[in-house]
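One structure is given below, encoded as structure tokens.
Computed from a predicted model, the values in this text were never measured in an experiment. To find a chain, count down the sequence lines: A is the first, B the second, and so on, and within it residues start at 1.
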2 protein chains.
Amino acid sequence: MRLLIVEDEKRLALSLARGLTAEGFAVDVVHDGLEGLHRAAEGAYDLVVLDIMLPGMNGYRVCAALRAAGHDVPILMLTAKDGEYDEAEGLDTGADDYLTKPFSYVVLVARVKALLRRRGTGVGSSVRTLGPLRVDTGARRVLHGETEVPLTTKEFAVLEQLVVRAGEVVSKAEILEHVWDFAYEGDPNIVEVYVSTLRKKLGAELIRTVRGAGYRLEAPR
Amino acid sequence: MRLLIVEDEKRLALSLARGLTAEGFAVDVVHDGLEGLHRAAEGAYDLVVLDIMLPGMNGYRVCAALRAAGHDVPILMLTAKDGEYDEAEGLDTGADDYLTKPFSYVVLVARVKALLRRRGTGVGSSVRTLGPLRVDTGARRVLHGETEVPLTTKEFAVLEQLVVRAGEVVSKAEILEHVWDFAYEGDPNIVEVYVSTLRKKLGAELIRTVRGAGYRLEAPR
DNA sequence: CTTCCACGATGAGCAGGCGCATGGGGGCCA
DNA sequence: TGGCCCCCATGCGCCTGCTCATCGTGGAAG
């Protein structure tokens with residue numbers, strides 16, 4: 001389950017991302033409205049958390065532009081209380097829900113889950129079966145045959161990326177971008193490390209290395 | 001999936017071409033605006049990456065000219081940050097998206113893919129069938145009949161060039177430019193070497209030599 | 001028809017890089 | 001404070017990419 005957070009207050013963005021990641025979501029963060037629009041328009045997210053006051057392009061316009069372009073991704077708007085912006089306006093532009101700052105963290109999580117549930121992309125209901133593997137994205141559980149395989153958060157996130165694009169080659173850069181922060185400037189070796197542990201836990205033949213290109217999760221034919 | 005990069009900074013152009021090639025795109029590079037216009041007008045590209053500051057003819061005019069001539073190829077503009085040129089102007093002339101220098105490489109790739117996806121020319125699902133051969137760009141996979149043929153990155157890139165222009169004669173110089181770098185200064189014999197290994201893996205009759213001109217991938221009739 | 005030459009094909013070999021495994025340190029949570 | 005997870009560093013092995021040398025072959029000229 002992939003979330004995009006568009007929020008320029010770095011501290012807030014960071015804590016939201018942390019919390020939601022801990023909840024088992026794959027979270028990307030951008031700090032600029034226009035950038036947010038572009039990322040969301042790629043269509044790879046299940047939900048967008050969108051602040052209104054943003055540099056580059058404000059949240060209303062981002063939201064309106066997304067809807068105009070035909071994207072129906074659920075949008076949860078974050079509005080400041082100071083009255084300059086109006087909640088109704090947010091809903092008019094096509095947001096699905098809004099939250100007034102300051103809000104409690106549990107409320108946010110609840111709203112996010114509620115929106116996802118409302119969409120039928122049920123939080124607990126996306127189960128993919130790939131050969132001997134069953135991946136339950138909502139419950140963050142993985143079954144290999146009959147036995148459950150315990151995975152850490154990061155391990156699961158990496159696996160989720162591969163599962164979502166099963167059969168395609170996913171580059172290490174893309175995995176880094178999705179699982180870690182897209183602005184992550186670390187050693188791509190991390191990805192190799194996690195792939196390694198995944199193979200150890202799930203069997204070596206599931207994840208194929210495509211040298212010079214990335215990894216590919218074998219889809220059963 | 002064929003891209004044209006119009007960018008006069010040779011170093012930047014080179015690194016972009018490298019990366020995008022590694023992503024599985026067939027990339028051409030030109031360093032001059034007018035030249036870029038001509039190539040793009042030929043209509044053989046799926047997307048154009050267009051710098052604004054260019055010798056010969058600036059990016060706005062190239063873009064405008066293309067649109068005026070009725071071409072709707074997606075255009076991704078590269079703008080310098082110095083403020084002399086305006087982002088809005090770029091979008092006004094008919095560009096589909098823009099990116100402000102300096103940009104990270106992953107962002108560029110994401111935008112390129114997003115644009116292509118938006119156009120419906122699915123990035124991950126371009127499968128071409130040529131007689132007994134099936135080439136899947138997204139999965140970086142080649143099937144010869146029922147069996148999968150493992151190819152290295154370079155082998156795949158050379159094959160892709162030939163596949164994209166199946167039935168046509170492709171010169172060695174062109175293959176060099178596409179698969180290697182524009183300014184590659186090595187032994188042209190490399191191409192022969194790779195054609196040789198491809199023949200070994202895929203069967204000798206698939207790639208015909210046209211003496212003095214290049215190679216031609218036999219298209220099924 | 002023969003001969004010669006230039007272009008192309010192919011195999012061997014080398015160097016560098018990519019991917020993998022492993023161990024250790026640091027931080028967060030119980 | 002202890003344990004687990006995450007990240008980083010290092011070393012190693014194999015594969016890939018490329019060069020070079022040799023052999024094959026097509027085509028034109030005599």
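- Taking a cutoff of 4.0 Å between a charged side-chain nitrogen and a carboxylate oxygen, A:E174 and A:K172 do not qualify as a salt bridge.
- A straight line from CD of A:E192 to P of D:dT10 spans 15 Å, rounded to a whole angstrom.
- The side chain of A:K172 contributes an N or O atom lying less than 4.0 Å from OP1 or OP2 of C:dG19.
- Dashed line: the shortest gap from a side-chain N or O of A:T209 to OP1 or OP2 of C:dG19 is not under 4.0 Å.
- Here A:Y215 does not reach the OP1 or OP2 of C:dC18: none of its side-chain N or O atoms lies under 4.0 Å away.
- Side-chain to base pairing of B:N189 with D:dC20: one donor and one acceptor N or O lie within less than 3.5 Å of each other.
- Note on B:V193: a base of the nucleic acid sits closer than 4.0 angstrom, heavy atoms only.
- Here the P atom of nucleotide D:dT19 and the CG atom of B:L176 are 10 Å apart, to the nearest Å.
- Contact between the side-chain N/O atoms of B:R199 and the OP1/OP2 oxygens of C:dA9 is found at a separation under 4.0 Å.
- Other residues, nucleotides and ligands place more than 12 heavy atoms under 6.0 Å from the CZ atom of B:R2.
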**Message:** Set out, in order, the CA-CA distance, both residues' side-chain angles and the distance that settles side-chain contact (heavy atoms from CB on, under 4.5 Å) for B:Y215 and B:R208, then state yes or no.
**Reply:** CA-CA 6 Å; B:Y215 298 95; B:R208 287 273 182 86; over 6 Å; no
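- In this structure, B:K154 atom NZ and D:dC15 atom C1' are separated by 14 Å, rounded to whole Å.
- Rounding to whole angstrom units, CZ of residue B:R211 and P of D:dG24 are separated by 15 Å.
- Of the side-chain N and O atoms in A:T152, none sit less than 4.0 angstrom from OP1 or OP2 of D:dC5.
- At least one side-chain nitrogen or oxygen of B:Y194 sits closer than 4.0 Å to the OP1 or OP2 atom of D:dC18.
- Atom CZ in A:R208 sits roughly 16 Å away from atom C1' in C:dG19 (whole-Å rounding).
- Between D:dG17 and B:W180, no contact under 4.0 Å exists linking OP1 or OP2 to a side-chain N or O.
- Summarising the geometry, the separation between CD1 on A:I207 and P on C:dA21 is reported as 11 Å, rounded to the nearest angstrom.
- Between the CG atom in A:L217 and the CG atom in A:L198 there is a gap of 9.5 Å [rounded to 0.5 Å].
- Between A:D97 and A:R111, at least one side-chain N (NZ, or NE/NH1/NH2) sits under 4.0 Å from a carboxylate O, which counts as a salt bridge.
- Closest contact between the side chain of B:I190 and the listed nucleotides C:dA6, D:dG17, D:dT19 involves D:dT19.
- Here the C1' atom of nucleotide D:dA9 and the CG atom of A:D187 are 8 Å apart, to the nearest Å.
- Dashed line: the shortest gap from a side-chain N or O of A:K200 to OP1 or OP2 of C:dC20 is not under 4.0 Å.
- The CD atom of B:E155 sits 11 Å away from the P atom of D:dC18 (whole-angstrom rounding).
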